[in-house]
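Before any comments, here is the structure.
Worth saying up front: this structure is predicted, and the values here are computed from it rather than measured.
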Amino acid sequence: MYNYCKHNFYRAWLSNQMNLEVAVEAAVAFLNKAVKPVLVGGPKMRVSKACKAFVELADACGCPVAVMPSAKGLVPEHHSRFIGTSVGYSLLIRKEKAIIVQPERVVIGHGPAFGCVLMKDFLHALATRLKKNTAAYENFRRICVPPGEPLSSEPGEPLRVNILFKHIQAMLSGNTAIIAETGDSWFNCQKLKLPEGCGYEFQMQYGSIGWAVGATLGYAQAAKDKRVIACIGDGSFQVMAQEVSTMLRWGQNTIIFLINNGGYTIEVEIHDGPYNVIKNWNYTGLVEAFHNGEGQVRTEEELKEALKAALGPKKDCLCFIEVIVHKDNTSRELLEWGSRVSAANSRPPNPQ
């Protein structure tokens, strides 16, 4: 076995032991002086196969544990010091006060940087050397206000998105997986509390509308031990609708919530215009043409009936539930994020 540093087409198979030791020593000195350190997990833990080492470090150091949105599902949310997800510009890291751990590189503050150090090796070694510090978690417990239940629906009241996600939360278990489409489902799914073993996938880096339909197909085909629950907007669904036919071909039992609010709501919050309104489809009629049990819900009572069927007699079938909601029924997080992106987009170009 050879020890390669990151160079050309090669990646490190093993850490450089001298670099690893020096990086851990520097990190220990840096962190043991910190008053209220926090661990924040990112998506590169997956490719680095470092999720287990991250939890090992969390267990040992006493720090609160948060994740970036794109790392949701990589860290167990039942961990005793898990504090949630940093969403929508809420995490503004000052680099001079951070240790940035890449798959094969560690940077402490503005420097020094240590190459040829694998993330999993660094986290594992650090877990054995740090002093325990629970100050940040104790402070979090003093100020944390747990999220409340949404207001109950009145009989016949139009269905609200927060009521829909209350019911989705109740569906989750270690035998399910959530796929969150680009748009308001980004933010609503981030607020779900994942039980141990529950899968979770979304992509925010590129904001690729329609991604979730194909991702749902692929996930369900690979993870046959889980029932996939997909939350997809009407605009996104129109981009990749044909893949539902492939899901049926392979006998998948996914539950798709088609959230129909009449257009590209995420784009409305960034820059509104007539181009964000789309032609409404007869979505359930389309899926029925693919040969499938389907349903359209407008109230909480209708939603409960649809879920009763999806989790009961149709538990082995692909279930398509079209959820009709008001076009302005969006999450607070989307409104905040949209206003910030809008402001950033309206800035004059940087001078050359």
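Linking Ile, Leu, Val, Met, Phe, Trp and Tyr whenever their side-chain heavy atoms come within less than 4.5 Å puts Leu57 and Val28 in one cluster.
Judged by distance alone, the side chains of Gln238 and Tyr283 do bring a donor and an acceptor atom under 3.5 Å apart. Side-chain atoms of Thr246 and Glu243 form a donor-acceptor pair, as typed in the model, at a separation below 3.5 Å. The closest side-chain donor-acceptor pair between Asn188 and Ser331, if any, does not fall under 3.5 angstrom. In summary, the side chains of Asp234 and Asn280 do not present any donor paired with an acceptor at a separation below 3.5 Å, with no hydrogens or angles considered. A side-chain donor-acceptor contact under 3.5 Å links Lys44 and Gln102. A side-chain N or O of Thr134 and one of Glu138 form a donor-acceptor pair less than 3.5 Å apart.
Taking the six-membered ring where tryptophan is involved, the planes of Phe320 and Phe237 are tilted, since the angle between them lies from 30° to 60°.
From Ser173, atom OG reaches atom CG of Leu194 across 11.0 Å, with rounding to the nearest 0.5 Å.
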**Prompt:** Can you list the steps and then say if Val65 with Tyr137 is a side-chain contact (heavy atoms from CB on, under 4.5 Å)?
**Reply:** CA-CA 9 Å; Val65 178; Tyr137 184 67; over 6 Å; no
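Using a 4.5 Å heavy-atom threshold, the side chains of Leu307 and Lys304 count as separate. Contact of the Arg160 side chain with the Ser153 side chain is registered, since non-hydrogen atoms from C-beta on lie closer than 4.5 Å. Ile178 has its side chain within reach of Leu192: a pair of non-hydrogen atoms, C-beta onward, lies under 4.5 Å apart. You'll find the side chain of Asn260 stays beyond 4.5 Å of the side chain of Val323, heavy atoms only. The side-chain heavy atoms of Cys116 and Met18, taken from C-beta on, include no pair separated by under 4.5 Å. Put simply, the side chain of Thr254 does not reach to within 4.5 Å of the side chain of Ile229, judged on heavy atoms. Side-chain contact between Met247 and Val213 is present, with heavy atoms from C-beta onward closer than 4.5 Å.
Closest heavy-atom contact between Gly233 and Glu181: N-CG, 4.2 Å.
Comment: Glu201 engages Arg46 in a salt bridge, judged by a side-chain N to carboxylate O separation of less than 4.0 angstrom. Ion pairing of Lys166 with Glu300 is present here, as a side-chain N (NZ or NE/NH1/NH2) and a carboxylate O approach within less than 4.0 Å.
Within the 3.5 Å criterion, the main-chain N or O of Glu77 finds a donor-acceptor partner in the side chain of Lys193.
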